[in-house]
Number of protein chains: 2
Amino acid sequence: MSEWYQHAAAVLPNPSGNIAERRMAPPALAISTVIFALKPSVNSGRPTLWLPLVRRIREPFKGQWALPGGPLVHDESLQEAASRNLLETTGLAPRYLEQLYAFGGLHRSPSQRVVSIVYWALVQSEEAELPGEEENVRWFRADRVQGLAFDHQEIVDYALWRLRNKMEYASIAYHFLGEYFTLAQLREVYEAVLDRPLDPANFRRHVTNAAGIEPSDRYLQGGKHRPPRLYRYTGPAPSSTTAPNSTSAENRGTP
Amino acid sequence: MSEWYQHAAAVLPNPSGNIAERRMAPPALAISTVIFALKPSVNSGRPTLWLPLVRRIREPFKGQWALPGGPLVHDESLQEAASRNLLETTGLAPRYLEQLYAFGGLHRSPSQRVVSIVYWALVQSEEAELPGEEENVRWFRADRVQGLAFDHQEIVDYALWRLRNKMEYASIAYHFLGEYFTLAQLREVYEAVLDRPLDPANFRRHVTNAAGIEPSDRYLQGGKHRPPRLYRYTGPAPSSTTAPNSTSAENRGTP
DNA sequence: TCAAAAGTGTTATCGGTACACCCATGT
DNA sequence: ACATGGGTGTACCGATAACACTTTTGA
């Protein structure tokens, strides 16, 4: 799954590609996905942002970590291809999936011209453990990845910026959580992503006034203190749609 | 310039492509651009949004209007390709250029699979007249285009939404205007794009408080009334950069 | 009974909106 | 002088932020 350049190479008359042929051949098209999940920090136990990377088993950048991705193949929409990436890497279906950007710089890959259409996704924390620790797939803290293959560092940084930005105005935090969650859990999601503390009182009002979130009559038992009420997200489920004309694919602000 | 599918076809073993071959061949990659400019309305004389379209001279959709675009060729970044589109269609260099979205549905083109990376651009009103009315390039009012080739109607709608959305939080309106402009002119830009009247008093305060706009000591003479002061935009000039890590490529809100 | 989180109430402040008003110029 | 757009002042309203306070549970 980390080996897509073989596909593109197959299209070329000459796999390694001399300069003239490289100039004339159409760019290869690849899909990559930045997958975010929350996992408890090793130290504090508080939730933090993690993402899975795949170790490259061939040149270029052999041995380095890269975003999961692959070629865009027959009979697959862009979104479907990203969804398949996600499934193959984490064993999960995306809770949220949206196009990030198309990266098409001339020298992203040393061997040939590749245009990558990148998606970003949110998956649920508990589920994210499942994939049985394959040797070549590993989870990293999102704010500490470095030394990635290609321009993937830049892509991760941009995806992170986009996630933080979008979190502030769109209802996407829910997709990190299960069906039932407490307001404190939801607040921890925001705090982990935005990396700053939020006032619990104001956060409560803000989120309960927003549409799409409903109190249930269940309570979370087993805590040390007063059992908090459980809530549910009842808004639209963009599980597989964030294209034009649906729920926006965009951000705002200044990074 | 409206004929890019010939390029992609050349890559295929069989131009028309039977089903099996179409399934296996990699998708063609194209760049298209939605180009916005303000022109005086024929009736009211007030500025309105226009965009140039290109008439298709071959099947599919022969005779219908489509976005200017072309194949992504050797030695050209995505941005450069979009910029070239723009130059070839309007004779203009973009004042503002940003990636919109990558459209990759399976059946966008009846003859073969095409993935289009679409950019959107703003150009200056007066300059936009220049290109000597070629037969196959024509300007249309942005809110009245219809019956476009491929999925270009959807693309235009999305670009329009993005423009309106971004106008509300980012400093892009300036790119429709020349170096010096009055606040009334700037307000007319906003009113034309957002399609609603704005309070002149509040607009003034809003825009003068914003960074990047400076009053000059010049005044616009020749009007019927008190000569208004001319302002200049002195913020960053994203003439050719709106990629990740620069000034964002995004929006917000709900269409 | 006490600690700590759940949950409510109160107030100050800020930004946006509406709109009354004065200013400067061509006719 | 007067009509008109340029430009300023001000009052209101809703959203946010800060923080004091009450409630409910486990230990």
Side-chain angles (χ1 to χ4, degrees), chain A residues 40 44-47 164-165 167-171 173 177 180-192 194-232 252-254, chain B residues 40 44-47 164-171 173 177 180-232 252-254:
Chain A
S44 68
R46 301 171 59 77
R164 289 185 170 134
N165 194 326
M167 187 87 99
E168 292 190 332
Y169 66 86
S171 297
L177 299 170
Y180 290 91
F181 50 85
T182 70
L183 293 186
Q185 286 169 344
L186 186 60
R187 180 166 48 80
E188 282 183 326
V189 172
Y190 276 87
E191 289 178 339
L194 302 180
D195 197 29
R196 63 182 155 98
L198 298 177
D199 183 307
N202 294 332
F203 179 81
R204 158 182 304 278
R205 266 183 295 257
H206 184 76
V207 86
T208 50
N209 287 342
I213 180 164
E214 303 291 344
S216 76
D217 45 6
R218 300 174 53 181
Y219 293 80
L220 179 62
Q221 304 292 344
K224 298 196 188 81
H225 305 293
R226 172 174 173 179
R229 183 186 288 271
L230 288 166
Y231 288 77
R232 286 200 311 159
R252 78 145 183 181
T254 11
Chain B
S44 68
R46 301 172 57 79
R164 289 186 170 134
N165 193 326
K166 187 142 194 172
M167 187 87 97
E168 292 189 332
Y169 65 86
S171 298
L177 299 169
Y180 290 91
F181 51 85
T182 70
L183 293 186
Q185 287 169 343
L186 186 60
R187 180 166 49 81
E188 282 183 326
V189 172
Y190 277 86
E191 289 178 338
V193 172
L194 301 179
D195 197 30
R196 62 181 154 99
L198 299 176
D199 184 308
N202 295 331
F203 180 82
R204 157 182 305 278
R205 267 184 294 259
H206 184 76
V207 86
T208 50
N209 287 342
I213 179 164
E214 304 290 345
S216 77
D217 45 6
R218 300 175 53 180
Y219 293 81
L220 180 62
Q221 304 293 345
K224 297 198 189 81
H225 304 293
R226 172 175 172 179
R229 182 186 288 271
L230 288 165
Y231 289 76
R232 286 201 311 160
R252 79 145 181 180
T254 11

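Since we're looking at a predicted model, the values are computed, not measured. So that the names make sense, note that chain A is the first sequence line, chain B the second, and so on, each numbered from 1. The analysis underlying the following values was restricted to heavy atoms, covering all of them including side chains, and did not include hydrogens, waters or symmetry mates.
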Problem - B/Tyr180-B/Tyr231 aromatic ring centre distance below 6.0 Å - result: no
Completion exercise
Rounded to whole Å, the OH-C1' distance (B/Tyr219 to D/dG5) equals 15 Å
Practice task
Spell out yes or no: do the side chain of B/Arg205 and the base of D/dG9 have one donor N/O and one acceptor N/O closer than 3.5 Å?
Solution key: yes
Handout entry: Protein-nucleotide distance (B/Glu168, atom CD; C/dG15, atom C1'), rounded to Å
Key = 15 Å
Problem - Nearest-nucleotide pick for A/Ala201, side chain only, options being D/dA18, D/dG7, C/dT8 - result: C/dT8
Practice task
Let me know the distance between CG of A/Leu183 and C1' of C/dG7, rounded to the nearest Å.
Solution key: 10 Å
Handout entry: B/Phe203 CZ to D/dT8 P, straight-line distance once rounded to whole Å
Key = 15 Å
Exercise for the section: Evaluate the side-chain proximity of B/Leu183 to B/Leu230: yes if any heavy-atom separation is below 4.5 Å, no if none is. Expected result: no
Handout entry: Side-chain heavy-atom pair B/Leu194, B/Glu168 within 4.5 angstrom cut-off
Key = yes
Exercise for the section: Tell me which of A/Arg196 and A/Gly222 sits closer to the 5' end of DNA chain D, going by the nucleotide each one is nearest to. Expected result: A/Arg196
Exercise for the section: Mind checking A/Ala184 for me? I need base, sugar-phosphate or nothing, with any heavy atom below 4.0 Å counting as a touch. Expected result: sugar-phosphate
Handout entry: Length of the line joining A/Leu186:CG and C/dA6:P, which is rounded to integer Å
Key = 12 Å
Completion exercise
On DNA chain C, more 5' by nearest nucleotide between A/Arg187 and A/Lys224 is A/Lys224
Exercise for the section: Would you indicate whether the side-chain heavy atoms of A/Val189 and A/Met167 approach each other to under 4.5 Å? Expected result: yes
Exercise for the section: Find which nucleotide of DNA chain C each of B/His225 and A/Arg226 is nearest to by heavy atoms, and output the residue with the more 5' nucleotide. Expected result: A/Arg226
Exercise for the section: For A/Arg229, answer base if it contacts any base atom (sugar-phosphate contacts may also be present), sugar-phosphate if it contacts only those atoms, and nothing otherwise; contact means non-hydrogen atoms under 4.0 Å. Expected result: sugar-phosphate
Problem - Length of the CG-P vector between B/Leu230 and D/dG5, whole Å - result: 18 Å
Problem - Atom pair distance, as rounded to whole Å: CZ in B/Arg204 and C1' in C/dA20 - result: 16 Å
Exercise for the section: With DNA chain D as reference, determine whether B/Pro228 or B/Asn202 sits nearer its 5' end, using the nearest nucleotide of each. Expected result: B/Pro228
Exercise for the section: Go through D/dT16, C/dC19, C/dT8 for me and flag the one nearest to the B/Asp199 side chain. Expected result: C/dC19
Exercise for the section: Measure from NE2 on B/His206 to C1' on D/dT8 and round the result to the nearest Å. Expected result: 18 Å
Problem - Salt-bridge present (A/Arg164, A/Glu191; N to O < 4.0 Å) - result: no
